[in-house]
Amino acid sequence: MAFDIEVIKSVYERMPERVNAARQLLGKPLTLTEKILYSHLWENPATQTFGRGADYVDFAPDRVAMQDATAQMALLQFMQAGRPKVAVPSTVHCDHLITAKVGATADLAVANDESKEVYDFLASVSNKYGIGFWKPGAGIIHQVVLENYAFPGGMMIGTDSHTVNAGGLGMIAIGVGGADACDVMAGLPWELKWPKLIGVKLTGKLSGWCSAKDVILKVAGILTVKGGTGCIVEYFGEGATSMSCTGKGTICNMGAEIGATTSTFGYDESMERYLRATGRADVADLANGVKEHLTADAEVYANPEQYFDQIIEIDLNTLEPYLNGPFTPDLATPISKMKEEAAKNGWPTKVEVGLIGSCTNSSYEDISRAVSLAKQVSEKNLKPKADYLITPGSEQVRFTIERDGFLDIFDQIGAKVFTNACGPCIGMWDRMGAEKQEKNTIVHSFNRNFAKRADGNPNTFAFVASPELVTALAIAGDLTFNPLTDSLTNENGEAVMLDAPSGFELPAKGFAVEDAGYQAPAEDGSAVQVAVSPTSNRLQLLDPFQAWEGTDLTNLRLLIKAKGKCTTDHISMAGPWLKFRGHLDNISDNLLIGAINFFNEKANEVVNQETGKSDTVPATQRAYKAAGIGSIVVGDENYGEGSSREHAAMEPRHLGVRAVLVKSFARIHETNLKKQGMLALTFADKADYDKIQEADKIDIVGLTSFAPDKSLTLVLNHADGSKDEITVNHSYNDQQIEWFKAGGALNIIRKSVA
Ligand code: MIC
Ligand code: SF4
């Protein structure tokens, strides 16, 4: 039986009535996205329609998922909310803190030892508050959610940007910061700006070297890392229904890389097959009962241009395999053009390592297709040229592929299997020699490839591709090898071609697992004690942030004017810093250390305006804090793209930064800043970015009449005595202004229980 089947039942019971009411209210056929959103309104039935990209709306999600690196902060906040138990089914997944070095068993033992304090904390908080706990080694959050919890037509939030993966099973699943998760677990509504809708029509059918990954790699090339901001992407068409459910998951997963709020697909037979194969025939039966509500109305897909804000059409018959990168997931190059592009850009073409797996691409189908290539190594007497590493997405997949002999085949090509965890995808890869910072190329089937992300080496050029293409390129050891047209020379000196990959959507003998790694919470957790040692360097109870002082902010220093890409990896780096995710003061020592200072083009070097000396960003900000001086951070486009980690908002808040002013924000980061009581501002005129000088003293004027849709003014007092006044915008609504005034949303929840 599926987990929380009663919740699923009640969602399906109320769905027809709510969907019909929404259709009547809107007076038009509905997209799937609208059906799910309207049936999850906090206040139902709907009495008004909502403006896309305009109205903030309260929702009631069905569940919450958290991974260990973000759950610590989410649960430290929840502990202050004064609730005895979570209000909706919630789970914690231990996947981000395991270093990949030697191999699965040894690495897991090291993590269990090193992070014992954190795992014990998460296990006991989960036990106390009724949260399901997935132990280290159980798998990566999104794979485990897809296998166990996701259901068509449901709505969930998760403290990880790739929560969107569950769209593969027809959900609206959205990545959020821990403070948002805390609200929902405390039984409060969850707020989101009503999204715009992008429709992607898939015609034709995948075949040969192409896989679902190539669809999203192509979409990323079209929409870029910010093209999906504020939008939900709905996929449909014969190409969608002919694709596996896990392939759909891959596409939705990487929707995070285009900034989309989420992506989804209508319920179809591939989803039904997946539900049944993963032990959830009960969910499939229930879903079949409300089928017509779990996909868009027929008129919508017949005339999509009338119902979506933007339409993209992709013909799967003519799609090519893509390689996206380096350093950004939207730099899309079809494999046939790689030779030319690599030469033009000076990308190193020798592939050192191929990595498959991650939350994006570790389904049974993915692995079986990669295996079909690995098999050809011995059949064709080839010798793989690059190292090959595998991180399975869950113990269930790992156990099943071991049973089916796939791991033995990988073993024959010298592959190393790491723990079922994030590992190299989040910098938890102890790669030999990375500290030498040599220029090198890797290819992986993950989703992100920002600088330093996999191994901490800024000179590692990482390219994202399907597991099949990664395997082929690892065998060839050459980034420019096009398996569709090129041959390889085998050990006998013969030219051989690789046959196109083939695989199985689902295991013929069914999935199997001995110990999936799940721990159910206590029925009554009230007696469970949660201990946080005051001397711990991994965990720290939170002190409330101070409320707004009630005046305009004056005399702020410019901490840094960040140039170019500034992702959450630049603002709050992962890898070695992950160990401080439960300790706000310690992790604040990584504040913006990856951001490039506009004035000297260097990372982690700014001028302390009080001393005139150069120093690191965190040290400079700590000095301002000690002197009681506020500061401001300035950034470029799509500031804060990437992760949901709220540390990127809490660290500056904790160290006394008062405002972040940028050309544009990524959605989750902007909300995280607001939630933590920070000012998140955008230039009314993007060219004003150029007016910000290094030694400016800055005033923010208009806060005493801070109101929705009303701009604020920034006064830049330049060092030479001249002044510039610029207009800055914000997207705060009344509620969010209250968060700012209270010094953070949590202060309001806290007050409501006190
Ligand atoms: C990521 O892929 O960047 C992460 C690590 O999973 C993050 C979450 C985190 O920073 O803990 C995400 O995607 O939200
Ligand atoms: Fe983990 Fe990477 Fe997936 Fe993030 S993207 S959840 S780090 S596997």
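Both ligands and their constituent atoms are indexed starting at 1 by order of listing.
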* To do: Mark up the atoms of ligand 2 that fall under 4.0 Å of a heavy atom belonging to H142, in ascending order.
  => 6 (S)

* To do: Take L217 and S466, measure what side-chain contact (heavy atoms from CB on, under 4.5 Å) needs, and give me the verdict at the end.
  => CA-CA 9 Å; L217 293 178; S466 68; over 6 Å; no

* **T70 side chain reached by R581 side chain, heavy atoms, under 4.5 Å** => yes

* Asked: Among protein heavy atoms, which lies nearest atom 1 (Fe) of ligand 2, and at what distance?
  -> C422 SG, 2.4 Å

* To do: Report the part of M254 (side chain from C-beta onward, or backbone N, CA, C, O) that has a heavy atom under 4.0 Å from ligand 2; answer both or neither where that applies.
  => neither

* **Within-4.5 Å side-chain heavy-atom neighbours: H93 and V145** => yes

* Taking the side chain as every heavy atom from C-beta outward, state whether E114 and L97 have any atom pair closer than 4.5 Å. => no

* To do: Take the angle between the ring planes of F59 and W190 and call it parallel below 30°, perpendicular above 60°, tilted in between.
  => tilted

* For D160, atoms of ligand 2 separated by under 4.0 Å from a heavy atom -> 6 (S)

* To do: May I have the step-by-step check of side-chain contact (heavy atoms from CB on, under 4.5 Å) for S90 and M66, ending in yes or no?
  => CA-CA 8 Å; S90 304; M66 293 162 278; 4.2 Å; yes

* Asked: Does ligand 2 have an atom under 4.0 Å from some heavy atom of E257?
  -> no

* Closest approach of any protein heavy atom to atom 2 (Fe) of ligand 2, naming residue and atom -> C425 SG, 2.3 Å

* How are the rings of F406 and Y364 set to each other: parallel, tilted or perpendicular (split at 30° and 60°)? -> tilted

* Roughly how far apart are I596 CD1 and D636 CG, rounded to 0.5 Å? -> 12.0 Å

* Structure fact -> The protein heavy atom nearest to atom 8 (S) of ligand 2 is C359 N, 3.5 Å

Go ahead and list the nitrogen or oxygen contacts between ligand 1 and the protein that come in under 3.5 Å, distances to 0.1 Å, or just say none.
residue	atom	partner	partner atom	Å
ligand 1	2 (O)	R448	NH1	3.3
ligand 1	2 (O)	R453	NH2	2.6
ligand 1	3 (O)	R448	NH1	2.7
ligand 1	3 (O)	R453	NH1	3.0
ligand 1	3 (O)	R453	NH2	3.1
ligand 1	3 (O)	R645	NH2	3.2
ligand 1	6 (O)	H96	NE2	2.8
ligand 1	6 (O)	D160	OD2	2.6
ligand 1	10 (O)	R581	NH1	3.4
ligand 1	10 (O)	R581	NH2	2.9
ligand 1	10 (O)	S643	OG	2.8
ligand 1	10 (O)	R645	NE	2.5
ligand 1	10 (O)	R645	NH2	3.2
ligand 1	11 (O)	Q67	NE2	2.8
ligand 1	11 (O)	R581	NH1	2.7
ligand 1	13 (O)	D160	OD1	3.4
ligand 1	13 (O)	S161	N	3.4
ligand 1	13 (O)	S161	OG	2.5
ligand 1	13 (O)	R448	NH1	3.0
ligand 1	14 (O)	S161	N	2.7
ligand 1	14 (O)	S161	OG	3.3
ligand 1	14 (O)	S643	OG	3.3
ligand 1	14 (O)	S644	N	2.7
ligand 1	14 (O)	S644	OG	3.0

* Asked: So is R448 in contact with ligand 2, going by heavy-atom distances below 4.0 Å?
  -> no

* Salt bridge between D107 and K101, side-chain N to carboxylate O under 4.0 Å? -> no

* What are the two closest non-hydrogen atoms of E395 and G137, and how far apart are they? -> CB-O, 4.0 Å

* **Under-4.0 Å heavy-atom contact with ligand 2, by part of Q67 that carries it** => neither

* Asked: At a 4.0 Å threshold, what atoms of ligand 2 neighbour a non-hydrogen atom of N447?
  -> 5 (S)

* Please name the pair of heavy atoms, one in T261 and one in V164, separated by the smallest distance, quoted to 0.1 Å. => O-CG1, 3.5 Å

